[in-house]
Student: 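Below is one structure. I have some questions about it.
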There are 2 protein chains.
Amino acid sequence: MTAPAAKVRRGRKFDQVLNGAREIFMRDGFEGASVDDIARAAGVSKATLYSYFPDKKLLFMEVANTQCALQADEALHTIDMSQPPSIVLPQIGNSFLGFILSDMGQRIFRICVAEADRFPELGRAFYNSGPKKVHGAITDYIQAAADRGELRVSDCALAADQFAELCKSDIWPRLVFGISTSFTKAEKARVVDGAIATFMARYGV
Amino acid sequence: MTAPAAKVRRGRKFDQVLNGAREIFMRDGFEGASVDDIARAAGVSKATLYSYFPDKKLLFMEVANTQCALQADEALHTIDMSQPPSIVLPQIGNSFLGFILSDMGQRIFRICVAEADRFPELGRAFYNSGPKKVHGAITDYIQAAADRGELRVSDCALAADQFAELCKSDIWPRLVFGISTSFTKAEKARVVDGAIATFMARYGV
DNA sequence: GTCCATATAAACTGGTTGGTTCAGTTTGGG
DNA sequence: CCCAAACTGAACCAACCAGTTTATATGGAC
């Protein structure tokens, strides 16, 4: 499942190549990154690089998948399914916002969005290893809380999407278009608290 | 204000160039579009193109600004500030969703997001001529409705952002990562109706 | 008719790119 | 100690690109 990466040879310097690729891709984007730069950053010859990966695309896919799965899994550990919404929603909101605002999350997102038409499997891979997992986890939690009578919700999937979107209010558009690059605790609190208040107004018991 | 485009000469074939540029940029993105292609599509020689625009960036800025202002203005005309939320919110939601889903809106968005680090003024220009205007208009409406006692809201700006975000639930992530490319009326209705229900649960009188 | 700004096609500059090739060096297991 | 597999560095290729230049043509004003 996690390794659909056909045609990718493993070997001694595999991780070296992957790390160099991550560094340069994150710095320069997909088109912007040159394979020569990556090989140099990885401390590896271009020939070696091409002996591991058949082309630039597959190399990038490997980087994106690895990073995304890593970040998403980490974020999901913070959810304690047995706690009530008043405890869990702030946790979800904050860690979700943290991921959205992180340098890594932002850059992968940028690259995926940019390349999504000419490179559709990339967008899908990113979606599956990131947003989809998070969405599934939130949905599951909402369902569990509803079963316990802590929430009243008929369309759990939509509720999960709504909560995630609410957490991006104001901050995310400003970030994505480069209006602001960092946000104060107060700004984040305003958004997360607002998201929870709106969510609970609709779905609270 | 709307024409920071210094150094852009107007003239007979100005619109021709602009149209060709729009076509190719929308098809191939910023990096992907070659100036030769644009000149060919515009039915103009490369020398002529460069006599109007000093470089590729400025040409793209002009295209993006023009398109974005056009789309945003059109969308804003649909808001009748004097009507109650039960009338206006569906209008806003639908036309907002329409813009988000439109080929043009989506492509400009993609390009802006992709190029935002290496080309920051583009992101800012897009934000100002699009999202910012829409956000301002929604905020104004919410304020007006609140003044009439039709809504109860303390942070109008945040409420506006929340409504816009709510309208993107589910649909937008799937679109942006290429999971789905078109949506049924039912799918859109589910999201817009859900957005309104959640919004009104929090802010309704 | 001639002048002048504007337009043209095409060649050219100087550069970058992804990907290949290959002669030779390093590495590690048996 | 030896050999095969892995790795290296550098040259190489064909394609593509933004932007400039040149020599030529058009067409309206006087």
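Each chain gets a letter, A, B and so on, in the order its sequence line appears, and its residues count up from 1.
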Student: Identify the heavy atoms of B/A33 and B/I24 that sit nearest to each other, and give their distance.
Tutor: CB-CG2, 3.7 Å

Student: Nearest heavy-atom pair of A/R110 and B/A116: which atoms, and what distance?
Tutor: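 In terms of heavy atoms, the two residues are closest at NH2-CB, 3.2 Å.
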
Student: Not counting sequence neighbours, which residues clear side-chain contact (heavy atoms from CB on, under 4.5 Å) with B/A114? List them please.
Tutor: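 Partners of B/A114 under the side-chain contact (heavy atoms from CB on, under 4.5 Å) test: A/A114.
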
Student: Enter the distance from B/N65:CG to B/L122:CG here, rounded to the nearest 0.5 Å.
Tutor: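 Answer for the CG-CG pair, B/N65 versus B/L122, is 8.5 Å.
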
Student: Residues two or more places apart in sequence or in another chain: which of them pass ring-ring contact (aromatic ring centres under 6.0 Å, His included) with B/Y141?
Tutor: none

Student: Using a heavy-atom cut-off of 4.0 Å across all strands, would you classify A/F53 as base, sugar-phosphate, or nothing?
Tutor: nothing

Student: Carefully, step by step, assess B/D147 and B/Q143 under the rule side chain to side chain donor-acceptor pair (under 3.5 Å).
Tutor: CA-CA 6 Å; B/D147 289 345; B/Q143 182 68 64; 3.2 Å; yes

Student: With a 4.0 angstrom cut-off to heavy atoms of chain B, pull out the first and last contacting nucleotide of DNA chain D, in 5'-to-3' order.
Tutor: D/dC17 to D/dT21

Student: Chain B on DNA chain C: first and last contacting nucleotide, 5' to 3', under 4.0 Å to a heavy atom?
Tutor: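 So the outermost contacting nucleotides come out as C/dA7 to C/dA9.
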
Student: Given side chains that start at C-beta, do those of B/F109 and B/I100 come closer than 4.5 Å, heavy atoms only?
Tutor: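 A side-chain contact under 4.5 Å is absent here.
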
Student: Listed by chain and number, what are the ring-ring contact (aromatic ring centres under 6.0 Å, His included) partners of B/F199, not counting sequence neighbours?
Tutor: B/F163, B/Y203

Student: Using a 6.0 Å distance limit plus a 45 degree cone around the ring axis, check whether B/K13 lies over the aromatic ring of B/Y52.
Tutor: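 Checked: cation-pi criterion not met.
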
Student: Could you check which residues of residues 31-51 of chain B get a heavy atom under 4.0 Å from DNA chain D? Sort them by number, please.
Tutor: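 Those residues are B/A33, B/S34, B/V35, B/K46, B/A47, B/Y50.
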
Student: Can B/K168 and B/E165 be counted as an ion pair, charged N to O under 4.0 angstrom?
Tutor: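 Yes, this pair counts.
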
